[in-house]
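Inspection log for the structure reproduced underneath, given as structure tokens.
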Amino acid sequence: MKNSSGRPHLTLGLVVHPDRPVLDSVRLITRYARRAGAVVIAHGGDAERVGPEVVTVAPEEFADRVDVVISLGGDGTMLGAMRLVVGRDAPVLGVNHGHLGFLIEVSPSELEQALDRLAEGRYTLEPHSCLEAGDFTAFNDIVLASAEPLSSLTLDLEVNGLRHGYYRGDAVIACTPTGSTAYNR
């Protein structure tokens, strides 16, 4: 789909922190999108946080409609945004409205330049490892425990389809390099 300038139509999806003030960044993104002929969408539950210029959609539609996700918050918001697009070709741009921002490289003051680079294709993708357990995907860690109180569990471990043995215990915590940083402090 093309916009009025003949460029491909772009849909930007916003994922916003539940209580941090992000409206200035949302306004900058919507102004930018208007100039670029792009559409900005967000989850319906975030309607009050993103304002009237952002189209809200049902959560189950969000990931299918976005070309790029912009996460406005901290690392937790970024991880939530990444989970939304697991298995899809939608990059996630994190804008730090949190405290640490270990995963996020863009501050609100750098957002406009980051949008320019995004529109021009001048960016790199940083892949993140994830863990899969059944239907669950995690970027930090997964804790597996027995469903029955006071009993142990046995777990078979496979990494990229190769069996690496089994573990037995009260619980097993498996973490990615991202999640392991919290355990190494």
Side-chain angles (χ1 to χ4, degrees), residues 8-36 38-51 53-57 59-132 136-142 175-185:
H9 177 75
L10 189 65
T11 300
L12 306 173
L14 296 182
V15 176
V16 298
H17 191 279
D19 59 354
R20 298 236 184 264
V22 298
L23 200 50
D24 286 345
S25 290
V26 172
R27 287 181 183 132
L28 189 149
I29 293 165
T30 55
R31 281 193 309 271
Y32 192 94
R34 204 172 26 255
R35 287 192 313 268
V39 174
V40 181
I41 67 172
H43 285 211
D46 289 332
E48 288 183 24
R49 304 225 2 94
V50 297
E53 290 191 52
V54 176
V55 176
T56 55
V57 299
E60 56 275 3
E61 290 180 50
F62 183 83
D64 290 332
R65 292 188 52 185
V66 297
D67 298 303
V68 174
V69 175
I70 302 174
S71 168
L72 302 174
D75 285 350
T77 308
M78 181 73 167
L79 290 167
M82 290 165 51
R83 272 191 295 277
L84 289 173
V85 292
V86 166
R88 293 183 166 76
D89 269 347
V92 179
L93 169 64
V95 182
N96 190 3
H97 284 272
H99 294 292
L100 292 176
F102 171 74
L103 297 174
I104 302 170
E105 296 181 10
V106 174
S107 69
S109 66
E110 300 167 318
L111 177 56
E112 191 161 12
Q113 294 87 356
L115 291 170
D116 285 337
R117 288 191 309 273
L118 184 67
E120 295 165 4
R122 291 185 302 115
Y123 61 90
T124 57
L125 295 176
E126 182 179 317
H128 287 273
S129 299
C130 65
L131 298 167
E132 294 177 352
F136 296 97
T137 301
F139 289 96
N140 271 352
D141 54 41
I142 292 179
C175 60
T176 67
T178 302
S180 69
T181 60
Y183 303 111
N184 289 318
R185 290 183 186 200

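One-based numbering along the sequence shown. Note that the coordinates shown come from a computational prediction; the quantities given were computed from them, not determined experimentally.
- Across Arg31, Arg34, Arg27, a single residue satisfies salt bridge (charged side-chain N to carboxylate O under 4.0 Å, His left out) together with Glu53, and that is Arg34.
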- request: Apply side chain to side chain contact (heavy atoms under 4.5 Å, CB included) to the pair Leu131 and Phe136, showing each step before the final yes or no.
  value: CA-CA 8 Å; Leu131 298 167; Phe136 296 97; over 6 Å; no
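- A search for side-chain hydrogen bond (donor to acceptor under 3.5 Å, both in side chains) contacts involving Thr137 returns nothing, not counting sequence neighbours.
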- request: Kindly determine whether Val15 and Val92 satisfy side chain to side chain contact (heavy atoms under 4.5 Å, CB included), including the steps that lead there.
  value: CA-CA 10 Å; Val15 176; Val92 179; over 6 Å; no
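- Side-chain contact between Asp46 and Thr56: absent, with no pair of heavy atoms (C-beta onward) separated by less than 4.5 Å.
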- request: Go through Leu115 and Ile70 one step at a time and tell me if the side chain to side chain contact (heavy atoms under 4.5 Å, CB included) criterion holds.
  value: CA-CA 10 Å; Leu115 291 170; Ile70 302 174; 3.8 Å; yes
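- Shown here is Glu105, whose CD atom has no more than 12 heavy atoms of other residues, nucleotides or ligands within 6.0 Å.
- Remark: side-chain polar atoms of Arg49 are paired, donor with acceptor, to backbone N or O of His17 under 3.5 angstrom.
- In terms of heavy-atom proximity, Ala33 sits nearest to Leu12 at CB-CD1, 4.3 Å.
- Put simply, the side chain of Val40 does not reach to within 4.5 Å of the side chain of Tyr32, judged on heavy atoms.
- Two residues are said to be in side-chain contact when any heavy atoms from C-beta on lie closer than 4.5 Å; Leu72 and Ile29 meet this criterion.
- The neighbour count for Glu48 CD, taken as heavy atoms of other residues, nucleotides or ligands under 6.0 Å away, does not exceed 12.
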Give the table of side-chain donor-acceptor pairs shorter than 3.5 Å for residues 73-90, with sequence neighbours excluded, one pair per line with atom names and distance.
from, atom 1, to, atom 2, distance (Å)
Asp75, OD1, Phe102, N, 3.1
Asp75, OD1, Leu103, N, 2.9
Asp75, OD2, Phe102, N, 3.0
Arg88, NE, Asp64, OD1, 3.3
Arg88, NH2, Asp64, OD1, 2.7

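- With sequence neighbours excluded, no residue satisfies ring-ring contact (aromatic ring centres under 6.0 Å, His included) with His97.
- If you take CG on Leu14 and CZ on Phe62, they are separated by 7.0 Å, rounding to the nearest 0.5 Å.
- Contact check for Pro108 versus Val95: side-chain heavy atoms found under the 4.5 Å cut-off.
- At a threshold of 4.5 Å between non-hydrogen side-chain atoms, the residues Ser107 and Asn96 do not count as touching.
- Remark: Arg35 engages Glu112 in a salt bridge, criterion side-chain N to carboxylate O under 4.0 Å.
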